[in-house]
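Remember, it's a predicted structure, so these values are computed and weren't measured experimentally. Both ligands and their constituent atoms are indexed starting at 1 by order of listing.
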Amino acid sequence: MTQRPALRHYLQFADLTRDEYAHVFERTRIIKGRFKGYQPYHPLTDRTLVMIFEKQSTRTRLSFEAGMHQLGGSAIYLNTRDSQLGRGEPVEDAAQVISRMSDIVMIRTFQQDIIERFAAHSRVPVINGLTNEYHPCQVLADLYTWFEHRGDIAGRTVAWIGDSNNMCYTWLQAARVFGFHVNISTPPGYSLDPKLTAGLGDVFSVHADPMDAARGASLVTTDVWTSMGWEGEAAERAAAFADWQVDADMMAVAAPDAVFMHCLPAHRGEEVTAEVIDGPQSVVWDEAENRLHAQKALMEFLLLGRVDN
Ligand code: CP
Ligand code: NVA
């Protein structure tokens with residue numbers, strides 16, 4: 001009989017300690033190496049992942065579904081349109097039922113409160129696959145990508161250019177866990193929400209001019225001007241964000257060996273130029289690929305604890 005680890009959820013980046021991230025990243029390296037070498041690794045045989053999507057996705061669905069298959073388990077996709085979730089079944093009831101029929105759940109939804117309520121009524125680990133407030137799985141993969149390219153990130157500076165969105169707040173939590181600094185530049189009217197930065201201390205500084213935020217940074221990152229759920233503001237945002245575009249001039253003031261990151265999907269000519277995202281400093285395809293392996297290591301950790309084989 002296998003001992004189950006204590007129930008843990010991954011609802012925001014701050015849910016794991018630096019030491020636990022060190023373990024998950026080492027497992028990511030091992031699991032990715034096995035996959036690249038065509039070595040089967042099936043620690044999650046007979047385990048079922050349920051994926052609930054209330055917003056669209058390419059990478060998150062693909063990486064969780066393929067990842068669970070690669071670990072020997074299976075994955076079930078639910079969305080709001082085709083399930084009772086879209087007809088007003090309380091999230092607490094859905095959590096009770098879904099978690100009695102599965103081993104782990106991933107949710108992409110709107111307010112963080114929804115996933116918190118689901119987790120509070122779930123018997124199995126719940127993973128945040130993106131909420132309005134956070135996208136921890138993406139920054140998990142992004143930091144692993146940084147480590148692959150550059151090693152330790154402690155003491156470095158990350159430049160966040162653009163919207164104060166789910167990716168931005170997740171980078172801020174990561175800065176607190178890993179000991180790096182984030183230079184933030186958002187357009188007027190789109191500044192950080194103090195409720196989401198409370199307790200983060202001095203891990204970030206705010207710069208009115210995006211060029212000042214990028215200056216000297218080791219990692220420059222941005223995201224769409226309009227996130228899922230804010231489509232009604234797209235035209236207004238396009239006008240407000242016009243100067244918050246990562247271009248070659250901005251990369252030129254960053255550190256000479258700076259990398260460019262973007263969680264994707266990207267809009268060339270809006271938040272980033274084609275020259276930058278398709279250029280030599282961009283690591284966006286590695287970020288996307290590493291979603292697959294980092295999330296396999298995360299699911300292994302949540303379901304099996306500290307595996308060391
Ligand atoms: N980066 C990311 O989460 O992509 P998807 O929206 O395609 O899942
Ligand atoms: N900030 C974006 C990320 C998409 C992966 C959004 O929430 O739509």
### Query
Looking only at heavy atoms of T60, does any of them come nearer than 4.0 Å to an atom of ligand 2?
no
### Task
Nearest heavy atom to atom 2 (C) of ligand 2 wins, so pick from S227, C263, A266, G229.
S227
### Query
Going by atom types only, do Q84 and R87 share a side-chain donor-acceptor pair under 3.5 Å?
yes
## Note on the structure
For S218 and R156 the tightest heavy-atom approach is OG-NH1, 3.2 Å
#### Entry: Exercise: identify the closest heavy-atom pair between A288 and L264
CB-CD1, 4.4 Å
### Query
Is the NZ or CZ atom of R61 positioned over Y77's six-membered ring, under 6.0 angstrom from the centre and within 45° of the axis?
yes
### Message
Taking the six-membered ring of Y41 as reference, does the cationic atom of R34 (NZ for Lys, CZ for Arg) lie under 6.0 Å from its centre and within 45° of its axis?
### Response
yes
### Query
Of all the non-hydrogen atoms in the protein, which one sits nearest to atom 3 (C) of ligand 2, and at what distance?
D223 OD2, 3.6 Å
### Message
Can you report which non-hydrogen protein atom sits closest to atom 4 (C) of ligand 2, along with the distance?
### Response
L130 CD1, 3.8 Å
### Query
Is the distance between the ring centroids of F13 and Y21 under 6.0 Å?
yes
### Task
Run the ring-centre check on F35 versus H293 and record whether the distance is less than 6.0 Å.
yes
Within the 4.0 Å heavy-atom shell around [X], which atoms of ligand 2 are there?
X	result
N166	1 (N), 2 (C), 6 (C), 7 (O)
L264	5 (C)
M228	6 (C), 7 (O), 8 (O)

### Message
Using the salt bridge (charged side-chain N to carboxylate O under 4.0 Å, His left out) criterion, which residues pair with D247? Sequence neighbours excluded.
### Response
none
### Query
Going through the checks in order, is the side chain to side chain contact (heavy atoms under 4.5 Å, CB included) test met by M167 and V139?
CA-CA 7 Å; M167 283 298 300; V139 176; 3.7 Å; yes
### Query
Mind checking what residues have non-hydrogen atoms under 4.0 angstrom from ligand 1?
S57, T58, R59, T60, R108, H135, Q138, C263, L264, R291
